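Bear in mind that the values here come from a model prediction, so they are computed numbers and not experimental data. Position 1 is the first residue of the sequence, and the numbers go up from there. When reading the values below, keep in mind they use all heavy atoms of this one structure, side chains included, and skip hydrogens, waters and symmetry mates.
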Amino acid sequence: QVRLVESGGGLVQAGGSLRLSCAASGRSFSSDAMAWCRQAPGKERECIAVRGWTAGIPYYAGSVKGRFTISRDNAKNTVYLQMNSLKPEDTAVYYCAARTREALSTMPQTYAYWGQGTQVTVSS
């Protein structure tokens, strides 16, 4: 059974930082793309950071580019999201997601596996 388990969310003041972690189990994602997506109240889910396990340029949504960094540890089957200079508009539930192919995608419907989500709240 494939599981993705996120951790690291919480409450932070604007300008602060958080690091999210996503531990995968039940399957190796060594050749698959993984993403961090988020969903704010009343808004659609959007994938904001995507990368493959092999070398390559990750994708970042314009709203987070330069502030967020997605990275992975193959040995631990874990992907991370370092979030700096957080803004109130970053407040959302953040989800880890995994595809069953290497090609990067920004469309949530193309991801087969999802974590349960972790709340990130940025106060002004």
Side-chain angles (χ1 to χ4, degrees):
Q1 180 181 1
V2 175
R3 291 189 68 202
L4 303 178
V5 180
E6 302 102 334
S7 61
L11 174 64
V12 64
Q13 288 187 333
S17 298
L18 282 174
R19 187 193 195 205
L20 305 183
S21 299
C22 172
S25 61
R27 174 198 161 117
S28 172
F29 291 98
S30 61
S31 60
D32 301 325
M34 296 190 74
W36 286 97
C37 307
R38 67 185 183 185
Q39 188 165 20
K43 294 188 177 181
E44 293 187 352
R45 191 172 298 189
E46 60 170 340
C47 293
I48 56 168
V50 186
R51 74 171 299 157
W53 287 106
T54 56
I57 300 174
Y59 162 84
Y60 295 100
S63 58
V64 307
K65 196 169 186 178
R67 300 188 297 121
F68 291 11
T69 303
I70 184 171
S71 60
R72 82 285 190 265
D73 184 330
N74 288 345
K76 295 182 178 180
N77 214 21
T78 298
V79 63
Y80 304 95
L81 185 68
Q82 178 66 43
M83 305 186 294
N84 298 328
S85 302
L86 283 161
K87 304 175 181 180
E89 50 263 45
D90 294 318
T91 295
V93 178
Y94 284 71
Y95 297 91
C96 174
R99 302 194 75 195
T100 56
R101 57 185 62 188
E102 187 174 4
L104 304 189
S105 173
T106 61
M107 296 183 290
Q109 63 269 29
T110 64
Y111 286 82
Y113 303 106
W114 290 86
Q116 80 287 354
T118 185
Q119 177 70 46
V120 171
T121 302
V122 184
S123 62
S124 57

Do you know which two heavy atoms are closest between [X] and [Y], and how far apart they sit?
X      : Y      : answer
Ala14  : Ser124 : CB-CA, 4.4 Å
Val64  : Arg38  : CG1-NH1, 3.9 Å
Cys37  : Trp114 : SG-CH2, 3.8 Å
Ala49  : Leu81  : CB-CD1, 4.0 Å
Gly115 : Glu6   : CA-OE2, 3.2 Å
Thr118 : Leu20  : CG2-CD2, 4.1 Å

Looking at [Y], is its backbone amide N or carbonyl O close enough to the side chain of [X] to form a donor-acceptor pair, meaning the two atoms are under 3.5 Å apart?
X      : Y      : result
Arg99  : Thr110 : yes
Thr121 : Thr91  : no
Tyr111 : Ala33  : no
Gln82  : Thr69  : no
Gln39  : Ala92  : no
Asp73  : Thr78  : no
Asn77  : Arg27  : yes

Look up atom [atom1] in [X] and atom [atom2] in [Y], then write down how far apart they are to the nearest 0.5 Å.
X     : Y     : atom1 : atom2 : value
Arg51 : Trp36 : CZ    : CH2   : 13.5 Å
Ile70 : Tyr60 : CD1   : OH    : 6.5 Å
Cys22 : Lys76 : SG    : NZ    : 14.0 Å
Cys96 : Tyr80 : SG    : OH    : 11.5 Å

Task: Close side-chain approach of Arg67 to Asp90, heavy-atom, < 4.5 Å - done: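 Answer yes - side chains close enough.
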Open item on the list: Could you check whether any side-chain heavy atom of Ile48 comes within less than 4.5 Å of a side-chain heavy atom of Tyr94, counting everything from C-beta outward?
Closed with: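 Side-chain contact under 4.5 Å: yes.
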Group every Ile, Leu, Val, Met, Phe, Trp and Tyr by side-chain heavy-atom contacts under 4.5 Å, then state whether [X] and [Y] land in the same group.
X      : Y     : answer
Val120 : Leu4  : yes
Tyr95  : Tyr59 : yes
Leu18  : Val79 : yes
Tyr113 : Met34 : yes

Task: Residue Gln1 excluded, over 12 heavy atoms near CD under 6.0 Å - done: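 Incorrect, the count does not exceed 12.
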- [ ] Check whether the side chains of Asp32 and Thr100 place a donor and an acceptor atom closer than 3.5 Å, and report yes or no.
- [x]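 Checked: Asp32/Thr100 side chains show no N/O donor-acceptor pair below 3.5 Å.
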